[in-house]
Amino acid sequence: MNRPEIQDVLYEAPGPKTRRRIRLFTILALLLLAGLLAAIVRQFAVTGQFQPKYWFFFARLTTWRFLGEGLVTTLGAALVGSALAFGMGFLLMRGKIRGNPVLRWLCTALIEFTRGVPTLLFIYFFFLIVPGTGWKLSAFWKITLPCAISACGVVAEALRSGVNAVPKGQREAALSLGYRETKLFYRIIFPQAIRFVIPSLIAELVIVLKDTTFASIVSCADLMQNAKVLISNYDALLSIYLVVAVIYILINYMLNRLSDRVARLLKGGGSAERRAA
Amino acid sequence: MSISALLTQYGDRYLQALFATWRLTAFSFFGAVVIGIVITVLRVCPISPLRVFGNFYVQVFRNIPGAALLILLVYALPYLNIVFPYEICVLIATVLIPSAFCSEHLMSGMNTIHPGQIEAARALGMTFFQIIRRIVIPQALRSSVLPMTNLMVATMLTTSLGSQVPLRPQELTGIVSYINTRSAGGVTAFAISAALYCLTALFIGALGGWIDRKVRILR
């Protein structure tokens, strides 16, 4: 049974009087928003931010190629960071679920630690402390590793909730068929659990991608860092930062859309299976 | 540097930093919830331009990286003759971003309300705003305590943005880079800040769990 979304039941079909009122308020709201937009545009115009010297270089291919190089680094760091976070999160999740109480306690502590400490602190750790220990890391790893560490606790908890969402009967059925614990987990439980958590894993990718914007701290040439170089080249701060912010927003928006689509798809697939059963 | 040496030299600063983080978190969270509620009302109101605006607002601030927003506020706005003090810039960033997530949580909290309740309220002659204020918002808030708890922890983590600008007093992340550039605080300097963050997060989590048990709606 499908329940309607709350927005659709909040009001019934309006009568003529309400319709008139809605129309009036719609016009008022449009005027208000148009006024807001006009105020922003006016502020840009008054301060001369529309001058071509702030925008002409966006017509050049080299500008976009340079930003594109930064974007590739950003995406690479986000993907590698997420993959590492997935690996570490998986180990933490296994450790937390498995029997050994010492290991369980340790993994729980690590999960809570990485979830409670801001990514920036990890980044500063890799920036200020790690070089002193003689561990030579490139700029790319100095941003990717802290982002991965900071995400792995969240991933572990997401995976754990996925494992817990697999019905108990699956485990019992597999045990009665003579499956050993390891085989049971990798053949029966985990493939189902991963389906529950794919949307939240994609959402985690967004978080890692956002965290990589601090890459300029460790002077890794990501999108943000390349934007800074462009700014010093063209002496145009506002336009470049604005464009870069829009790029970030669009990428994350698309990833979130993907996550929603996948979530709906998996939900639909699940119910289809149940119907077939 | 040993922990006792570090604490005797910088103990006061750590305490100030802890309070700065708590203050920022509290103000940001409060602001985020207030703005989140307003934006959520816009997103479900019958005036379609306002709905579009609400959805646009959420998508923008849900997806913008904190660093990018803070840079726009601190370095780009002055080019438009809009200058805020550093602390206000940080506060704006740490309000706007969590407010978008707050609205998302409230929307899914709202969707746990049965449509029959709203139909009943309308049958009793309640107006739209009465329904929103008396029926929808209270239940949406009550069933989103746990997401809100996570939001508060996330807000606390976001306040580490404050380390990117000169704040006075510094917050918990800024203090670490301050100490490490001045004297070799080493791993210990990080451990103290990390422990304070973690304890705060655990406290918020425990508080949220307690409130959730008190107000959760059993259906």
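Quick note: numbers below take in every heavy atom, side chains included, and nothing from hydrogens, waters or symmetry partners. Below, chain A is the first sequence line, B the second, and so on; all start at residue 1.
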Give the intermediate values and the outcome of salt bridge (charged side-chain N to carboxylate O under 4.0 Å, His left out) for residues R122(B) and E119(B). CA-CA 5 Å; R122(B) 207 154 44 217; E119(B) 284 156 12; 5.3 Å; no
Count the heavy atoms of every other residue, nucleotide or ligand shown that sit under 6.0 Å from [atom1] of [X], and state whether that count exceeds 12.
X	atom1	value
F50(A)	CZ	yes
F58(A)	CZ	yes
F203(B)	CZ	no

Of all of [options], which one pairs up most often with chain B through heavy atoms under 4.5 Å apart?
options	answer
A227(A), G116(A), P118(A)	P118(A)
V117(A), V46(A), V244(A)	V117(A)
M224(A), K210(A), Q49(A)	K210(A)
L36(A), D211(A), L30(A), L255(A)	L30(A)

Are F61(B) and Y57(B) close enough that their ring centers fall under 6.0 Å?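 Centroid distance F61(B)-Y57(B): below 6.0 Å, so yes.
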Leading residue by heavy atom contact count with chain A [cutoff under 4.5 Å; candidates [options]]:
options	answer
L77(B), V176(B), N63(B)	N63(B)
S160(B), P78(B), G66(B)	S160(B)
C198(B), P46(B), S48(B), A68(B)	P46(B)

Does T40(B) form a side-chain hydrogen bond (donor to acceptor under 3.5 Å, both in side chains) with S103(B)? I'd like the steps, not just the answer. CA-CA 5 Å; T40(B) 310; S103(B) 174; 3.1 Å; yes
By a 4.5 Å heavy-atom criterion (distance strictly below it), what part of [X] contacts chain B: side chain, backbone, both, or neither?
X	result
R23(A)	neither
L128(A)	side chain
I249(A)	both
L237(A)	side chain
L242(A)	both
Q43(A)	both

State whether a side-chain donor-acceptor pair under 3.5 Å links [X] with [Y].
X	Y	answer
T119(A)	S150(A)	yes
R13(B)	Y178(B)	yes
T74(A)	T212(A)	no

Heavy-atom contact with chain A under 4.5 Å, split by part of [X]:
X	value
L72(B)	side chain
I132(B)	side chain
F53(B)	side chain
A201(B)	side chain
L202(B)	side chain
F128(B)	side chain

Does a salt bridge link E157(A) with R160(A), judged by any charged N lying under 4.0 Å from a carboxylate O?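 Looking at R160(A) together with E157(A), the answer is yes, because their closest N to O distance falls below 4.0 Å.
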Using the ring of each side chain (for Trp, its six-membered ring), is Y234(A) parallel, tilted or perpendicular to F57(A), with breaks at 30° and 60°?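 Aromatic pair Y234(A)/F57(A) classed parallel.
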Contact check, side chains of F126(A) and I149(A), non-hydrogen atoms, under 4.5 Å: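 Touching, per the 4.5 Å side-chain cut-off.
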